[in-house]
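Input: a single structure, listed below in C-alpha cells.
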Amino acid sequence: MANTTYLASMVLMGLLGVGVVLFVLRSRRWRHYVPRVAREVAGGERPPSGLAGLAGRTGTWTVAYVALVLGFMFGAMAYASGAITGPAVIGAVVALVASFLVAGVYFAMRENGRPSAQAAAGGAVATGMLAVVAITIVLVTTG
C-alpha cells in the first residue's frame with residue numbers, strides 16, 4: 001500500500017512540476033526581457049560598480065546556488081551521521097543568517113551611493129541589533 005501511495009505522490013508532484021514550468025514559460029515574455037542595468041547603461045547612466053557587475057552575471061548566481069546546495073547536502077549528511085548535533089546546526093544557521101544580514105546592509109548601503117564608513121556603521125548597527133535580540137532571547141528563555 002505504501003509503495004502505491006509513494007508512486008502516486010511522485011506522479012502528482014511530477015505533473016505539478018511540469019505544470020509550473022509550462023506556466024512560467026508561457027506567462028511571461030522572457031525572450032524580450034532587458035535587465036535594468038543594461039537599460040541604464042544604454043541610457044547614458046554610469047556603469048555599475050564591480051560588485052553590481054558581479055551580481056548581475058548569471059554564472060555568479062549559478063555557482064552560489066550550487067555551493068549552497070552542496071553545503072546543505074554535506075551538512076545534512078554530517079548531521080545524519082551524528083558528526084554534528086542539533087545545537088551546532090542551529091548555531092551555524094544563526095551565524096549564517098546574521099552574516100548575511102550584516103553583509104547585506106553593508107553592500108546595500110554601498111550600492112546606494114553611501115561612503116564606505118557609513119556602510120560600515122550600518123553594518124555595526126545591524127550587528128548591535130542582533131546582539132540585543134540574542135541577549136533578549138537568552139534572558140527570556142532562561143528562567
Which heavy atom of Y79 sits nearest to which heavy atom of T85, and what is that distance?
CE1-C, 3.9 Å
Atom pair CZ/CE of F72 and M77 - distance to nearest 0.5 Å
15.0 Å
Mind checking the CZ-CG spacing from F107 to N112? Nearest 0.5 Å is all I need.
13.5 Å
For M73, does the CE atom have more than 12 heavy-atom neighbours from other residues, nucleotides or ligands under 6.0 Å away?
yes
Determine, stepwise, if the pair V125 / V105 fulfils side chain to side chain contact (heavy atoms under 4.5 Å, CB included).
CA-CA 9 Å; V125 168; V105 167; over 6 Å; no
Grab the two heavy atoms, one from I84 and one from A88, that are nearest each other, plus how far apart they are.
CB-CB, 4.5 Å
Closer than 3.5 angstrom, by distance alone: can the side chain of T136 be matched with the main-chain N or O of V132 as a donor-acceptor pair?
yes
Determine the minimum heavy-atom distance between S116 and R110, stating which atoms define it.
N-NH1, 3.1 Å
The reported gap from CG in L7 to CG in L12 (rounded to nearest 0.5 angstrom) is 10.0 Å
Which heavy-atom pair separates V102 from A126 by the least distance, and what is that distance?
CG2-CB, 4.3 Å
Do L96 and F74 belong together in a cluster built from hydrophobic side chains that touch within less than 4.5 Å?
no
Among I137, V133, V138, L139, side-chain contact (heavy atoms from CB on, under 4.5 Å) partner for I135:
L139
If you look at every heavy atom in G122 and M109, which pair is closest and at what distance?
CA-SD, 3.8 Å
